[in-house]
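Take a look at the structure below.
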2 protein chains.
Amino acid sequence: MEYSEKKVQIMEAAEQLFAEKSFDGTPVRDIADKAGVNLAMISYYFGSKEKLLEALFNYRAETGILKMESMLLDKSQTSLQKVNALIDFYIDKFQNQTCFHKIMSREQLHNQRNEIAVLIQQFKKRNQELVKQLILEGQKKGEFKKNIDIPLMMATLIGTVSHLVTTQHFYKEINNLQSLSDDEFKIHIKKKLSHHLKFLFKAILTHEA
Amino acid sequence: MEYSEKKVQIMEAAEQLFAEKSFDGTPVRDIADKAGVNLAMISYYFGSKEKLLEALFNYRAETGILKMESMLLDKSQTSLQKVNALIDFYIDKFQNQTCFHKIMSREQLHNQRNEIAVLIQQFKKRNQELVKQLILEGQKKGEFKKNIDIPLMMATLIGTVSHLVTTQHFYKEINNLQSLSDDEFKIHIKKKLSHHLKFLFKAILTHEA
DNA sequence: TTAATTTAAACAAACGTTTAATTAACTTTT
DNA sequence: AAAAGTTAATTAAACGTTTGTTTAAATTAA
């Protein structure tokens, strides 16, 4: 699928609204208003509201994997450095595309829309395969210990980042950080999270139980 | 609010449907059908669909905190044992009330329904206060190190458990565990997760950076 | 008798999608 | 280069459903 300017306009308007109010909570009319196009254009371009969501998933998924692949292929870094880069990559991914990841988190909670579930499944499988290669490489070089449960490790990575980023507002209030601007707060969280996860992963990958 | 048999029937029907298809994706008529009551009974008892959701939150939140408090007050355990009990407590909570926690996860993704956001906020604050006491106690006794970031630690606990439990289907397929029955799979995940998190928390609480 | 529960029917509003008419953009023909 | 022809883009209006909620009558319980 090619992405004309109008199509992207609509997808990005939908992305914001779906993130804010959920798929079923967002009327197609609101998407059209936000994108500044006529209501009928959505059916005209995408066929239906659901296919618009699918298009958005494909649109966002395309770029995601590529970045990760190029990062993990960098030969000049040790395996632990690559893992650390992976952690920062996930934090950035969630922080810079919060809307999309809120939508994806919601979609993972049910198995309603099958085409999208399949997309997520493929996505996850491919990501995990890449990480697995990275871990195996580190084990071969003797940097990492044996018997690492990769799905559990990924659950901690994605779960921690996702939970913290999507519940920022709670975190902000509970820790009395309301005085920080959005940007300051983002940097604050990124720094904390990065350090925390790198510490955890060092334990997971190198400390014997 | 008192919970008559009919009210509970309706709330639990709603809980399942909301978890499966989201709040906005669930027609009130479907809830009435599933609960085996007349459509009008929902407005009669709860006032509206949204107030039904609020009632469900209050219904589930009431019991949750109490269990945790009694657990943490047990004087016969070391602080690390209590932390380990806390981990198992959270795993059980998510595994036994998956429907409710899916709904809560979704509600945390937006700030649409304010009454519920406030409920979750209070809930989280109180939970974190209890955990904070536990950590302080362990630090006083010299069991735990200083400078523990409790919100980050909780994000890893809740994030990891929540992510794994709500994406079980992905986990099952990626790891070729389709042959396991639902119960076997539940036990499998609980064991793995429990061990993984206890290992992580030992690192967080006792290893110097 | 009175109050609480339950019902089927009705309500207006909102929903996703389609229609048919109009405008814009591009191609081909002269 | 202008006119005619053709496809694509855009529009306002309408479509039939589905939505959450209310009503007013009927049934049950106290």
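These numbers come from a predicted model, not from an experiment. All values below come from the heavy atoms of this structure, side chains included, with hydrogens, waters and symmetry mates left out. Chain naming here is simple, since letters A, B, ... match the order of the sequence lines and numbering starts at 1 in each.
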Can you tell me which nucleotide in D:dT22, C:dT6, D:dT21 comes closest to the side chain of B:Lys49?
D:dT21
Would one find more than 12 heavy atoms of other residues, nucleotides or ligands at under 6.0 Å from atom NZ of B:Lys172?
yes
Has B:Tyr44 got a side-chain N or O lying under 4.0 Å from the OP1 or OP2 atom of C:dT6?
no
For the CD atom on A:Glu5, are there more than 12 heavy atoms of other groups (residues, nucleotides or ligands in this structure) within a distance under 6.0 Å?
no
Closest to the A:Leu39 side chain: D:dT21, C:dT5, C:dT17?
C:dT17
Nearest to side-chain heavy atoms of B:Met41, which nucleotide of C:dT17, D:dT10, C:dT5
C:dT5
Near DNA chain C, counting only heavy atoms under 4.0 Å, which residues of residues 19-38 of chain B show up?
B:Arg29, B:Asn38
In whole Å, I'd like the distance from the CZ atom of B:Phe18 to the P atom of D:dG20.
9 Å
Nucleotide nearest A:Ala40 (side chain, heavy atoms from C-beta), chosen from C:dT5, C:dT18, D:dT22
C:dT18
Distance, rounded to the nearest Å, where A:Leu53 contributes CG and C:dG16 contributes P:
13 Å
Can we say B:Glu20 and B:Lys102 salt-bridge, meaning some charged N sits less than 4.0 Å from an Asp/Glu carboxylate O?
no
Taking NE2 in A:His195 as the centre, count heavy atoms belonging to other residues, nucleotides or ligands within less than 6.0 Å. Is the count above 12?
no
Residues in salt bridge (Lys or Arg N to Asp or Glu O under 4.0 Å) contact with B:Lys186, at least two apart in sequence or another chain
none
Identify all side-chain donor-acceptor contacts of residues 196-203 of chain B below 3.5 Å with residues at least two apart in sequence or on another chain.
from	atom 1	to	atom 2	distance (Å)
B:His196	NE2	A:Thr156	OG1	2.8
B:Lys198	NZ	B:Asp88	OD2	2.8
B:Lys198	NZ	B:Ser194	OG	3.0

The criterion is side-chain hydrogen bond (donor to acceptor under 3.5 Å, both in side chains); which residues satisfy it with B:Asn127, sequence neighbours excluded?
B:Tyr90
How would you summarise protein contacts on nucleotides 25-30 of chain D per nucleotide, using B for base, S for sugar-phosphate only and - for none, with heavy-atom distances below 4.0 Å?
------
Please check if the number of heavy atoms outside A:Arg126 that lie under 6.0 Å from its CZ is greater than 12.
no
Where at least one partner belongs to residues 6-26 of chain B, residue pairs that pass ring-ring contact (aromatic ring centres under 6.0 Å, His included), sequence neighbours excluded
B:Phe18-B:Phe23
Tell me: CD1 of A:Ile42 to C1' of C:dT18, nearest whole Å?
14 Å
